[in-house]
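Because the structure is a prediction, the values reported are computed rather than measured.
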Amino acid sequence: QVQLVESGGGLVQAGGSLRLSCAASGRTISTDAMGWFRQSPGKEREFVAAIRWSGDRTYYADSNKGRFTISRDNAKNTMYLQMNSLQSEDTAVYYCAGRWSPLIGDPSRPGNYDYWGQGTQVTVSS
């Protein structure tokens with residue numbers, strides 16, 4: 001059983017940056033595809049970014065391209081999300097997720113992921 005713990009969320013002004021981390025324990029995630037999602041009150045969980053097991057292929061929601069960067073360090077069993085030029089619309093709880101497969105299929109579908117973290121709050125003030 002793998003556990004995911006997100007960290008790095010907080011309050012930031014519009015235009016600022018945050019780096020989220022997703023640390024895994026229980027077993028290695030080095031062969032798993034991973035992703036980030038977010039959810040705001042009253043809204044469905046929304047795809048943010050995803051990365052294949054080797055890190056050689058990444059995927060982004062259109063709203064995040066050019067501002068967010070997903071990466072992973074398999075030696076540390078950790079995934080990251082660097083978020084720049086944050087906007088008020090980015091305010092949400094951010095979740096990391098993993099899939100028991102190196103590949104993802106449709107990375108934007110929450111149902112394609114097998115395990116999830118508890119989330120970390122990101123609040124962007126305008």
Discussion item. Using every non-hydrogen atom in the two residues, find where Ala24 and Ile29 come nearest and quote the distance to one decimal.
Written reply: CB-CG2, 3.5 Å
Fill in: Verify same cluster id: Trp36, Val12 (apolar side-chain graph, 4.5 Å)
yes
Worksheet item: To the nearest 0.5 Å, how far apart are CZ in Arg45 and OG in Ser40?
Response: 11.5 Å
Item to complete: Please report the closest heavy-atom contact between Leu86 and Leu18, naming both atoms and the distance.
Response: CD1-N, 3.8 Å
Discussion item. When you compare the side chain of Ile70 with that of Gln82, does any pair of heavy atoms fall below 4.5 Å?
Written reply: no
Worksheet item: Mind checking whether Met83 and Tyr59 sit in one hydrophobic cluster, side chains of I, L, V, M, F, W, Y counted as touching below 4.5 Å?
Response: no
Worksheet entry | Contact summary for Cys96 and Met79, nearest pair of heavy atoms | CB-CE, 3.6 Å
Worksheet item: Between Phe37 and Tyr113, does a ring-ring contact (aromatic ring centres under 6.0 Å, His included) hold up when you go through it step by step?
Response: CA-CA 11 Å; Phe37 287 76; Tyr113 296 83; 5.2 Å; yes
Discussion item. Could you walk me through whether Asp114 and Asp32 satisfy the side chain to side chain contact (heavy atoms under 4.5 Å, CB included) test, starting with their C-alpha distance in whole Å, then the side-chain angles of each, then the deciding distance to 0.1 Å, before giving a yes or no?
Written reply: CA-CA 10 Å; Asp114 300 302; Asp32 295 356; over 6 Å; no
Worksheet item: Within 45° of the axis and under 6.0 Å from the centre of the six-membered ring of Trp53, does NZ or CZ of Arg72 qualify?
Response: no
Fill in: Student check: side-chain heavy atoms of Gln121 and Thr91 closer than 4.5 Å
yes
Worksheet item: Just wondering, do Thr69 and Leu81 contact through their side chains at under 4.5 Å, heavy atoms?
Response: no
Worksheet item: Are the side chain of Asn77 and the backbone N or O of Ala23 linked by a donor-acceptor pair below 3.5 Å?
Response: no
Worksheet item: With a 3.5 Å cut-off and no angle check, do the side chains of Asp73 and Thr78 form a donor-acceptor pair?
Response: no
Worksheet item: If we only count heavy atoms from C-beta on, is the Leu4 to Tyr115 side-chain gap below 4.5 Å?
Response: yes
Worksheet item: Can you name the closest pair of heavy atoms from Ser108 and Asp106 and give their distance?
Response: OG-OD1, 2.7 Å
Discussion item. Testing the basics here: between Ser63 and Glu46, what is the closest heavy-atom pair and its distance to 0.1 Å?
Written reply: OG-OE2, 4.4 Å
Item to complete: Tell me whether Met34 is reachable from Phe47 by hopping between hydrophobic residues (I, L, V, M, F, W, Y) whose side-chain heavy atoms are closer than 4.5 Å.
Response: no
Worksheet item: Can you tell me how far NZ of Lys76 sits from OG of Ser30, rounded to the nearest 0.5 angstrom?
Response: 15.5 Å
Discussion item. I want to check a possible cation-pi pair here: Arg38 against Tyr95, using under 6.0 Å from ring centre and within 45° of the ring axis as the test.
Written reply: no
Worksheet item: Quick check: are there more than 12 heavy atoms from other residues, nucleotides or ligands sitting under 6.0 Å from CD of Gln3?
Response: yes
Discussion item. Ser7 vs Leu20, test: side chain to side chain contact (heavy atoms under 4.5 Å, CB included). Steps then yes/no.
Written reply: CA-CA 6 Å; Ser7 62; Leu20 305 184; over 6 Å; no
Discussion item. If I take atom SG from residue Cys22 and atom OH from residue Tyr94, how far apart are they, to the nearest 0.5 angstrom?
Written reply: 14.5 Å
Worksheet item: Would Ile51 and Tyr80 show up in the same hydrophobic cluster when neighbours are defined by side-chain heavy atoms closer than 4.5 Å?
Response: no
Discussion item. What's the separation between atom CZ in Arg99 and atom CZ in Arg109, rounded to the nearest 0.5 Å?
Written reply: 9.0 Å
Practice prompt. Identify the two heavy atoms, one from Ser17 and one from Asn84, that lie closest to each other, and give their separation to 0.1 Å.
Written response: OG-OD1, 2.9 Å
Worksheet item: Val5 and Val93: same hydrophobic cluster, using ILVMFWY side-chain contacts below 4.5 Å?
Response: no
Practice prompt. Would you please test Arg67 and Asp90 for side chain to side chain contact (heavy atoms under 4.5 Å, CB included) and show each step?
Written response: CA-CA 11 Å; Arg67 299 189 300 125; Asp90 297 316; 2.8 Å; yes
Fill in: Separation between OG of Ser125 and CD of Gln13, rounded to the nearest 0.5 Å
5.0 Å
